Each structure stands twice: as C-alpha cells, then as structure tokens.
Amino acid sequence: MRWSEGFIAVDWGTTNRRAYRIDGNGYCQASMADDQGALSVPAGGFPPAVDAIRAELGDLPLLLAGMVGSTRGWVEVPYLTCPAGIDELAINLHWVEAGRIAIVPGLAVRGDQPDVMRGEEVQLFGAVAAGLIPGDAIVCHPGTHNKWVSLVDGRVDRFRTVMTGEMFNRLRDGGILSEFLTGEVAVGEAFLAGVKRGLTAPPLTAELFSIRARVLLDDLPRESATSFTSGLLIGIDVSVGAGLSAGSDIAIMGGPELTDLYCAAAGEVGKSATRIDGGQAFLAGALAIARTLQ
C-alpha cells in the first residue's frame, strides 16, 4: 500500500507511545495509546511491537518519531543540526524497511550550549504547517524535559531543554521532600508564590531544602507544598525561556494539565501565552512529512 492511501504515525516516547491511523485524505480514523515507551521494549522487541500496532490499526506504512530513534530505541538515527526545517527531516528519514517503515531524525544544537530533541520537532513543524503558530515564534513544550524553542521562517533555529518535569517527579518519588509533596498541583496562591520565587533565579539546591524549612516553621502550609514546589521549578524554567523569548509572546504546546501551569507562570513575566494541542500538532506534522513521500 502506498503512503497516499494511508499510513500510521507513531509518537514513541520514553515511557508512552501513541499511534494514529491516518487515511488518504489526512484524517485520523483510529488511534491507540499505551505505556509501551522505548524503555519498556526489550532488546530485539521493536519488530513485534510494530507488529502489534499494525494488528490494531492496520497493515499500513509506519512513520515513527521520538525515542524510537534514540540510543535506547530501535535504531539510533543521527541528529540534524539546527537550523533545520521539515524538508530536512523528510529527506533524512531513516528507512528500517524500504518504503514501509521510516524513523524521523531528531534535532541538535551544537556549540557551548549543546542540546538535543526527539519527537517534539514533528509537533513544532506540524503546528506551523497547520497554521497554529506563525513561522517566527517562541514555543514552550512542557513535559518531562521541557523545551524552549525559537522558530525562524518555519525552521527550528535554536532551543534549550529544562529538566523540570523529571526533577519534580524525582522529588516526589523519594528524598527528604517527598513526605510533603503528596497533593495535586493547582494554580493558586501557593503555586504563584513558588513561581515568583523561582523567577528570582535562586540557587536551586539550597532553595529546595528551604521548602522543608518553610513547612516545619509554619511559613508554608503542608498541603500547599506540592503547588509551591511545582511553581518554584516552573518559575526557574520560565526564567530560562524568558531570555530566549525576550520581547515575544509564547505558544505553549502540550496537554492542558501542563499548559495551564505554564500559562499562569508566563503571566508572571508579562508574557501572553497561546495554548496549542500537542496531539493535533503531531498529526499535522506527520501528515506534512508523509506527503513528501507520495
């Protein structure tokens, strides 16, 4: 079957994967999602994992993006050096099976602040292709490893990664603060207080311990510690992005549970933020790549 008759696009992350069956007119007919991210696939397990996707969504060509192309994935696909656009992605696909299974390369920034991404590039170019954001934009992509991306003429010019989500999850899962970080994060007084503190760029390792002291000395209610800690980390995160986005408004791409938090934090530095649905952007990006394969 040719790509013009339909294909499957897979956003294969570290811990989760999402697959979409896209028909010849570019519409998503069906989808699946599970926790079979790249780290869950054993050595030699990617061919049967792909077979399982096809068993559910159909025997179609596959376009794979994300950590499936990393050192922990199926095949390590070299990064493309920025600036780079969707045309470079399309001509540098790695073909696992000629004409049938392709892996999208990631992007890299080289120099004194090296950085890498895999998966987000499809969403970024998809958002531009679908008219969700202009070709010149600053995009915040929250997640385990948040990305701040500068787009110029529809191409990724540069970006910075901040390990905010991973840091927060590790603080919650163990260590001296975990007993206080049991509640849900919500935009409110405690969260915004944490954001404001984070925006002052305090020394993080010292500031984290002070959260424990704040609770023990009754300066911070125990039930507010989770939101304050999240706000602190996101405030530091946004201070990184504010330097990249000087004078620009921000597009925040992802799911509502994180875009709401980052929009609130962006407001504290006077930035107007537009929410972009990451799933919609991924589908648009996958379709734009697939159309170059007709």
Side-chain angles (χ1 to χ4, degrees), residues 7-22 28-77 94 96-97 101-106 116-124 126 140-147 161-175 178 181-185 226 230 233-234 252-262 276-286:
F7 68 100
I8 296 170
V10 184
D11 187 358
W12 211 319
T14 303
T15 56
N16 300 287
R17 68 178 178 182
R18 294 177 176 83
Y20 308 86
R21 186 175 76 226
I22 302 174
C28 180
Q29 293 181 316
S31 64
M32 59 171 283
D34 57 31
D35 60 358
Q36 296 302 298
L39 297 187
S40 299
V41 181
F46 278 97
V50 164
D51 290 342
I53 293 173
R54 280 184 167 147
E56 183 160 344
L57 296 181
D59 185 17
L60 297 168
L62 279 101
L63 183 68
L64 311 178
M67 292 299 287
V68 66
S70 74
T71 57
R72 305 295 297 272
W74 191 358
V75 179
E76 184 179 3
V77 181
H94 178 88
V96 178
E97 180 183 341
I101 303 176
I103 300 179
V104 180
V116 293
M117 72 164 64
R118 287 194 189 275
E120 295 92 349
E121 68 285 340
V122 177
Q123 296 184 36
L124 291 163
C140 171
H141 197 298
T144 303
H145 302 139
N146 181 39
K147 307 288 185 185
T161 302
V162 190
M163 294 175 62
T164 301
E166 180 172 344
M167 175 68 75
F168 181 72
N169 290 335
R170 290 188 177 275
L171 291 171
R172 271 189 126 166
D173 291 343
S178 60
L181 307 182
T182 58
E184 296 298 318
V185 178
T226 306
S230 174
L233 293 172
I234 290 177
I252 301 181
M253 183 183 300
E257 68 281 355
L258 289 176
T259 57
D260 288 351
L261 298 178
Y262 275 81
I276 305 296
D277 181 87
Q280 181 183 0
F282 177 79
L283 288 173

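No experiment lies behind these values; they were computed from the predicted model shown. Heavy atoms only: backbone and side chains are in, while hydrogens, waters and symmetry mates are out.
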Would you name the heavy atoms of Ala286 and Val122 that are closest together and state the gap between them? N-CG1, 3.6 Å
At their closest point, which heavy atom of Arg118 faces which heavy atom of Gly66, and how far apart are they? CD-O, 3.6 Å
Would you check if Leu233 and Leu171 make a side-chain contact, meaning some heavy-atom pair closer than 4.5 Å? yes
Looking only at heavy atoms, what is the nearest atom pair of Glu166 and His145, with distance? OE1-NE2, 2.5 Å
Non-hydrogen side-chain atoms of Ile103 and Val75 separated by less than 4.5 Å: yes
Point-to-point distance, once rounded to the nearest 0.5 Å, from CG of Leu63 to CD1 of Ile101: 11.0 Å
Among all residues two or more places apart in sequence or in another chain, which pass the ring-ring contact (aromatic ring centres under 6.0 Å, His included) test with Phe168? none
Any chance CE of Met167 has more than 12 other-residue heavy atoms, nucleotides or ligands included, within less than 6.0 Å? no
Please check: side-chain N/O of Trp74 versus main-chain N/O of Ala38, any donor-acceptor pairing under 3.5 Å? no
For Pro142 and Leu258, the nearest pair of non-hydrogen atoms, with its separation, is CB-CB, 3.8 Å
To the nearest 0.5 angstrom, please state how far the CD1 atom of Ile22 sits from the CD atom of Gln29. 9.5 Å
Using every non-hydrogen atom in the two residues, find where Ala19 and Val10 come nearest and quote the distance to one decimal. CB-CG2, 3.9 Å
Please answer whether the main-chain N or O of Leu181 pairs with a side-chain N or O of Arg172 as donor and acceptor at a distance below 3.5 Å. yes
Considering the options Gln123, Lys147, Glu121, which one meets the side chain to side chain donor-acceptor pair (under 3.5 Å) requirement together with His141? Gln123
Beyond-backbone contact of Trp12 with Arg17, side-chain heavy atoms, under 4.5 angstrom: yes
Looking at CE of Met32 and CZ of Arg21, how far apart are the two atoms once the value is rounded to the nearest 0.5 Å? 12.0 Å
Any heavy-atom pair between the side chains of Glu184 and Thr226 that's under 4.5 Å? no
Where Tyr262 and Cys140 come nearest, the two heavy atoms and their spacing: CD2-SG, 3.6 Å
Atom CG in Asp277, atom CE in Met253: separation rounded to 0.5 Å? 9.5 Å
Could you give the distance from CG (Leu283) to CZ (Arg18), rounded to the nearest 0.5 Å? 11.5 Å
Output side-chain donor-acceptor pairs under 3.5 Å for residues 44-58, partner residues at least two apart or in another chain, one line each.
{"residue": "Arg54", "atom": "NE", "partner": "Leu60", "partner atom": "O", "Å": "3.0"}
{"residue": "Arg54", "atom": "NH2", "partner": "Leu60", "partner atom": "O", "Å": "3.1"}

One should read off an interatomic distance between Asn146 CG and Thr161 OG1, to the nearest 0.5 angstrom, of 8.0 Å
